[in-house]
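In this chain, numbering begins with 1 at the start of the sequence shown.
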Amino acid sequence: MQWMLVIPVKPLARAKSRLSDTAADALRPGLALAFAQDTVAAALACPAVKDVAVVTHDPWAGRELGALGAHIVSDEPYGGLNTALAHAAAAVRATRPESAVAALNADLPALRPLELARVLDAAAEFPRAFLPDAAAIGTTLLAAREGAELRPAFGPDSRARHRASGAVELTLDTVDSVRQDVDTGADLRAALALGVGPRTAAQAARLLIPGQ
């Protein structure tokens, strides 16, 4: 099964505020963009992925991620993350009605294409499925097969919310790169330990993180 991925990117100037103890205000937008670039590049290299749509109204992010080969969908509803994802999924299916669609976090800088393929192959067994994040509280991927609505419920405690919505929780080993999103300095260090993409590595080198 080939998947259409939808990746949300918030305005970079407001991104990653919880990294304030690790990255100065002036560095965080570039760091957030690097996360998204490495995520999109890995997703486009995944054999299970047909195409990637980035939903954003940030011109810088749209320009740079579009240059990688992603399609840019304007965040027209301006109603928050879940509204943006539902809008992007609808836009994808407006031209490809039978597509399997998955929402993927933009802050997975250690993402490995083959690990993502394993997750998507597992998700293909169910109408809707999700992968919890490394903290086992949030969600990094929500998938809906053809004919099923995405029904995103990202935000606080999204693991519990997606489970309550009827989505099947995927329990997979050796897919750490798909689970390791980055919100805090500790998350970034964990991602660096897994091995991040080149853009994140270049940005992180400016932070002088101990042990890097």
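At distances below 3.5 Å, at least one donor-acceptor pair connects side-chain atoms of Thr140 with backbone N or O atoms of Val178. A donor-acceptor distance shorter than 3.5 angstrom exists from the side chain of Arg93 to the backbone of Ser99, with no hydrogens or angles considered. A side-chain donor-acceptor contact under 3.5 Å links His87 to the backbone of Ser74. One N or O on the side chain of Thr39 and one on the backbone of Phe35 form a donor-acceptor pair closer than 3.5 Å.
Across all non-hydrogen atoms, the minimal contact from Ala110 to Ala191 is CB-O, 3.9 Å. Closest approach of Leu172 to Ala122, counting heavy atoms only: CD1-CB, 3.9 Å. Here the closest non-hydrogen pair linking Arg199 and Ala41 is NH1-CB, 4.2 Å. Arg206 approaches Leu27 most closely through the heavy-atom pair NH2-CD2, 3.2 Å. The two residues Ala53 and Val92 have their closest heavy-atom pair at CB-CG2, 4.1 Å. Of all the heavy atoms in Ala153 and Ser158, the pair that sits closest is O-CB, 3.4 Å.
Partners of Arg96 according to the salt bridge (Lys or Arg N to Asp or Glu O under 4.0 Å) rule, which considers only residues two or more places apart in sequence or in another chain, are Asp51. When the side-chain contact (heavy atoms from CB on, under 4.5 Å) test is applied to Glu64, the partners found at least two apart in sequence or on another chain are Leu33, Gln37, Trp60. Every residue meeting the side-chain contact (heavy atoms from CB on, under 4.5 Å) condition with Asp183, not counting sequence neighbours, appears here in chain and number order: Lys16, Arg18, Asp107, Asp181, Asp187. With sequence neighbours excluded, no residue satisfies side chain to side chain donor-acceptor pair (under 3.5 Å) with Asp21.
Note that the OG1 atom of Thr174 and the CZ atom of Arg112 stand 12.5 Å from one another [nearest 0.5 Å]. Atom CG of Leu114 is separated from atom OG of Ser177 by 9.5 Å, given to the nearest 0.5 angstrom. Taking CZ of Arg145 as the start and CG of Leu150 as the end, the distance is 14.5 Å to the nearest 0.5 Å. Put simply, CZ on Arg151 and CG on Asn82 are 12.0 Å apart, with the number rounded to the nearest 0.5 Å. Summarising the geometry, atom CD1 belonging to Ile137 is positioned 7.0 Å from atom CG belonging to Asp157; distances are rounded to the nearest 0.5 Å.
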Would you list the atom pairs, donor with acceptor, under 3.5 Å between side chains in residues 3-13 and any protein atom, with sequence neighbours excluded?
none

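Under the 4.5 Å side-chain heavy-atom criterion for grouping Ile, Leu, Val, Met, Phe, Trp and Tyr, Leu68 is connected to Leu104 within one hydrophobic cluster. Both Val40 and Leu120 are members of a single hydrophobic cluster when ILVMFWY side chains are connected at heavy-atom separations under 4.5 Å. No single ILVMFWY cluster, assembled from side-chain heavy atoms under 4.5 Å apart, contains both Leu194 and Leu207. Leu116 and Leu65 end up in the same hydrophobic cluster when Ile, Leu, Val, Met, Phe, Trp and Tyr side chains are linked at under 4.5 Å. Tracing side-chain contacts under 4.5 Å through hydrophobic residues (I, L, V, M, F, W, Y), one reaches Leu31 starting from Leu192; they form part of the same cluster.
Residue Gln2 qualifies as enclosed at atom CD: its count of foreign heavy atoms under 6.0 Å is above 12.
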Hey, mind stepping through Leu108 and Gln180 against side-chain contact (heavy atoms from CB on, under 4.5 Å) and telling me if it holds? CA-CA 6 Å; Leu108 300 169; Gln180 188 56 68; 5.5 Å; no

Show the numbers, then the answer: is there a side-chain contact (heavy atoms from CB on, under 4.5 Å) between Phe130 and Val168? CA-CA 6 Å; Phe130 73 96; Val168 174; over 6 Å; no

Decide yes or no on salt bridge (Lys or Arg N to Asp or Glu O under 4.0 Å) for Asp133 and Arg179, but give the supporting numbers first. CA-CA 4 Å; Asp133 64 8; Arg179 301 185 64 202; 5.6 Å; no

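Pairs engaging residues 159-171 under the side-chain hydrogen bond (donor to acceptor under 3.5 Å, both in side chains) rule: Arg128-Ser165, Thr139-His162, Arg159-Glu169, Arg163-Glu169 [sequence neighbours left out].
A 4.5 Å side-chain heavy-atom check between Pro198 and Asp38 finds at least one atom pair inside the cut-off.
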